[in-house]
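Please read these numbers as outputs of a predicted model, since none were measured by experiment. Chain naming here is simple, since letters A, B, ... match the order of the sequence lines and numbering starts at 1 in each.
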Amino acid sequence: MLDLKFVRENIEEVKENIKNRFMNVDVDLVLSLYEKKNELLQEVEAIRKQRNENAAKMKSKLTNEERQALIEEGKGLKDTIAEKEATLNEVSQKLDDEASRIPNMAHPDAPVGKEDKDNLQISQWGEVPKFNFKPKDHVQLGQDLDIIDFDTATKVTGPKFYYLKNQAVFLELALIRYTMDKLQAKGFTPVITPDLAKEEILQGIGFNPRGAESNIYTVEDTGMCLVGTAEITLGGYLSKTMVDANDLPIKFAGLSHCFRKEAGAAGQYSKGLYRVHQFTKVEMFVFCRPEESDAMHEKLREIEEEIFQGLEIPYRVVDTCTGDLGAPAYRKYDLEAWMPGRGESGDWGEVTSTSNCTDYQSRRLGIKYKDKETKEFLHMLNGTAVATSRAIIAVMENFQQEDGSILIPKQLQPYTGFDRIAKK
RNA sequence: GGAGAGAUGUCCGAGUGGUCGAAGGAGGCGGUCUUGAAAACCGUUGUGUCGAGAGGCACCAAGGGUUCGAAUCCCUUUCUCUCCGCCA
């Protein structure tokens, strides 16, 4: 969440930012609650002071009457404090609810716009493949080669689940290992994270675990949720800690499953593996000094590009518009890979996304860094290294051959142990 | 899962319900001494929050409770250690 002092001093900028993001938050309500909370806080503290003074008086020798009088007075103070505190808690809770709905400020260069068509393409890499046959989509390929089974998953679990079989298993494992090796070489600490996390961590990261619009599965009676991304467990890793500035930047490469409800999402553009309830992802996560975060964000984007270049998959990079930024993001880049089976005759489909969330998450999670002069909230960034489901789509569809087989990108072959997936 | 012990500041470690934001030591920082260093000595050394400021309030694993008053008493939870059981 934003610093409320900042909100108080930059009311118009905050409102403008909310408008640019096409969100609806009542900033004036937040400010009036903030003011009210501070008033109540001061009242409560003034009475607590009286209580402390009253208690201090009783340290000295007193007559019974004097003592009794003080005790009576103390009892009265105690009741008053209890009442005031109850109101204070109520107001604080309301304030917290409202304030956490205010999104992060956006980078001044982030394009202003409402939806994905307003995103700004900033580069493109690779050649869109031209087939001298009609390319299949990955659903067809997966079925023909017996490597992905949606129908059985629907029977056993439900729609938007899948079994990977045969070589697809090794393709997924290869993508993970290929990515982990690259990231480890770049100084990221490899991590396999839990797939569940507490609600408070979700909220700190900026996810809303509750409500109809939530994309998150909650596990009944446990206070936990299935994570939608390792961003949650990696960001939560340092919650409530003070980091030594010399240890920054801290870089994690986290492998986890990702679970998303994806309610209502269906249709041609989300078919097959594209939008599923469970997938596997290697996520990059960085904690750094505020002054480093812009450069670090560019670095994460470059790493994502390097990974897809290594896979020889054509992609373009877009600078996400304000309306399409998640609430915690200050700026976001997406890589969209070419997917020959998408839409009528192929289309770009998002495969990675990297966000600089500045101190929006660290403030809520309580993650600071310290050096000689400073103790401040640090900046947190995340980026997809590889979401295996979508990477598998890109590999299958781009590398398909006329005979229905699929070639494996060169850099992946040492990890798969085979260079082609063909019909048995 | 069962039985027991414990959790205090950067670390070690004391703490009878009121004089405890917390003894003492170590470490850090500043200084005296020294050609320099060590030793010795002196001083200083938590965080958060509200407030323009003065200053206040909160925090002794976390959350509740008892009390005029809780680091100290009671309950719950978490974690650590020892022993037993179970287990991939």
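A:K240 comes within 4.0 angstrom of nothing in the nucleic acid, heavy atoms only. Within the 4.0 angstrom heavy-atom criterion, only backbone atoms of the sugar-phosphate kind lie near A:R8; the bases stay farther away.
Checking B:A88 for Watson-Crick or G-U wobble geometry (two distances, each under 3.5 Å) identifies no partner in any strand. Look at B:C20: it lacks any Watson-Crick or wobble partner with both distances under 3.5 angstrom. Pairing for B:A40 goes to B:U32, judged as Watson-Crick or G-U wobble with the two contacts each under 3.5 Å. Nucleotide B:A3 is matched to B:U82 when pairs are restricted to Watson-Crick or G-U wobble geometry with both distances under 3.5 angstrom. Figure legend. B:G55 is base-paired to B:C50; pairs are counted as Watson-Crick or G-U wobble with both atom distances under 3.5 Å. In a base pair of the Watson-Crick type (N1 to N3 plus N6-O4 or O6-N4) or a G-U wobble (N1-O2 and O6-N3), with each distance short of 3.5 Å, B:U76 is matched with B:A62. Look at B:C11: its Watson-Crick or wobble partner, with both distances under 3.5 angstrom, is B:G25.
With P as the reference atom, B:C74 and B:U67 are 16 Å apart, rounded to whole Å. Spacing between B:C75 and B:C83 at atom C1', rounded to whole Å, works out to 26 Å. As rounded to the nearest Å, B:A62 and B:A37 have P atoms that lie 43 Å from one another. Here, B:G24 and B:G31 have their P atoms 24 Å apart, quoted to the whole Å. The P atoms of B:G30 and B:U80 are separated by 39 Å, rounded to the nearest whole Å. Taking atom P in both B:U34 and B:U49, one finds a spacing of 46 Å when rounded to whole Å. Separation of the P atoms belonging to B:U10 and B:G64 is 23 Å when rounded to the nearest angstrom. For the P atoms, the distance linking B:A61 with B:G15 amounts to 15 Å, nearest Å.
Using a 4.0 Å cut-off between a side-chain N of Lys or Arg and a carboxylate O of Asp or Glu, A:K57 and A:E53 do not qualify as a salt bridge. Looking at A:E85 and A:R48, a side-chain N of the basic residue comes within less than 4.0 Å of a carboxylate O on the acidic one, giving a salt bridge. The pair A:K299-A:D294 fails the salt-bridge criterion, with no side-chain N (NZ, NE, NH1 or NH2) lying under 4.0 Å from an Asp/Glu carboxylate O. For A:D26 and A:R101, the salt-bridge test fails: no basic side-chain N is under 4.0 Å from an acidic carboxylate O. We find that A:D319 and A:R331 are joined by a salt bridge, their nearest charged nitrogen and carboxylate oxygen being less than 4.0 Å apart. Between A:D137 and A:K271 there is a salt bridge, since a side-chain N of the basic residue sits under 4.0 Å from a carboxylate O of the acidic one. Using a cutoff of 4.0 Å between basic side-chain nitrogens and carboxylate oxygens, A:D144 and A:K423 are not scored as salt-bridged. Salt bridge status for A:K332 with A:D334: present, with a side-chain N to carboxylate O gap under 4.0 Å. Using a 4.0 Å cut-off between a side-chain N of Lys or Arg and a carboxylate O of Asp or Glu, A:E298 and A:R301 qualify as a salt bridge.
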Using a cutoff of under 3.5 Å, can you pull out all pairs of nitrogen or oxygen atoms linking the protein to nucleotides 55-62 of chain B, with atom names and distances?
residue: B:G56; atom: N2; partner: A:E45; partner atom: OE1; Å: 2.3
residue: B:G56; atom: N2; partner: A:E45; partner atom: OE2; Å: 3.0
residue: B:G56; atom: N3; partner: A:E45; partner atom: OE1; Å: 3.3
residue: B:C57; atom: OP1; partner: A:N52; partner atom: ND2; Å: 3.4
residue: B:C57; atom: O2'; partner: A:R48; partner atom: NH1; Å: 2.8
residue: B:A58; atom: OP1; partner: A:R51; partner atom: NH2; Å: 2.6
residue: B:A58; atom: OP2; partner: A:N52; partner atom: ND2; Å: 3.4

Can you check nucleotides 74-80 of chain B for protein contacts, nitrogen or oxygen pairs under 3.5 Å, and list what you find?
none

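Across the protein-nucleic acid pair, A:K57 atom NZ and B:U19 atom P stand 16 Å apart, rounded to whole Å. Look at CZ on A:F377: it is 14 Å from P on B:U47, rounded to the nearest Å. Atom CD1 in A:I367 sits roughly 19 Å away from atom P in B:U47 (whole-Å rounding). One atom, CD of A:E9, and another, C1' of B:A52, lie 13 Å apart when rounded to the nearest Å. Between A:L95 atom CG and B:U49 atom P there is a gap of 14 Å when expressed in whole angstrom units. Rounding to whole angstrom units, CD of residue A:Q42 and P of B:A54 are separated by 15 Å. Between the P atom of B:C50 and the CG atom of A:L88 lies a distance of 12 Å, rounded to the nearest Å. Atom CG of A:N89 is separated from atom P of B:G64 by 9 Å (rounded to the nearest Å).
The ring pair (Phe, Tyr, Trp, His ring centres under 6.0 Å) test applied to A:F308 returns no partner, not counting sequence neighbours.
Within residues 26-39 of chain A, the residues having any heavy atom closer than 4.0 Å to RNA chain B are, in order of number, A:Y34, A:N38. Within residues 75-82 of chain A, the residues having any heavy atom under 4.0 Å from RNA chain B are, by residue number, A:K75, A:K78.
Between A:K5 and the phosphate of B:U49, there is no side-chain N or O to OP1/OP2 separation shorter than 4.0 Å.
The aromatic ring centres of A:F287 and A:H379 sit 6.0 Å or more apart. Here the two rings, on A:Y237 and A:F252, have centers that are under 6.0 Å apart.
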Atom pairs and distances, side-chain donor-acceptor, residues 174-203 of chain A, under 3.5 Å, sequence neighbours left out:
residue: A:R177; atom: NE; partner: A:D181; partner atom: OD1; Å: 2.9
residue: A:Y178; atom: OH; partner: A:I307; partner atom: O; Å: 2.7
residue: A:T179; atom: OG1; partner: A:L175; partner atom: O; Å: 2.6
residue: A:D181; atom: OD2; partner: A:Y415; partner atom: OH; Å: 2.7
residue: A:K186; atom: NZ; partner: A:E306; partner atom: OE1; Å: 2.9
residue: A:K186; atom: NZ; partner: A:E306; partner atom: OE2; Å: 3.4
residue: A:T193; atom: OG1; partner: A:T233; partner atom: OG1; Å: 2.9
residue: A:D195; atom: OD1; partner: A:H257; partner atom: N; Å: 3.0
residue: A:D195; atom: OD2; partner: A:H257; partner atom: ND1; Å: 2.8
residue: A:E199; atom: OE2; partner: A:R210; partner atom: NH2; Å: 2.6

(request) Just do the side-chain hydrogen bond (donor to acceptor under 3.5 Å, both in side chains) check on A:E304 and A:Y315 with the steps written out, would you? (result) CA-CA 11 Å; A:E304 293 179 350; A:Y315 65 85; over 6 Å; no
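With hydrogens and angles ignored, the 3.5 Å screen pairs a side-chain donor or acceptor of A:Q400 with a backbone N or O of A:E397.
Along RNA chain B, the nucleotide nearest A:M242 and the nucleotide nearest A:N54 are compared for position; the residue whose nucleotide lies closer to the 5' end is A:M242.
With a 6.0 Å cutoff to the six-membered ring centre and a 45° limit on the axis angle, A:R390 counts as a cation-pi contact of A:Y274.
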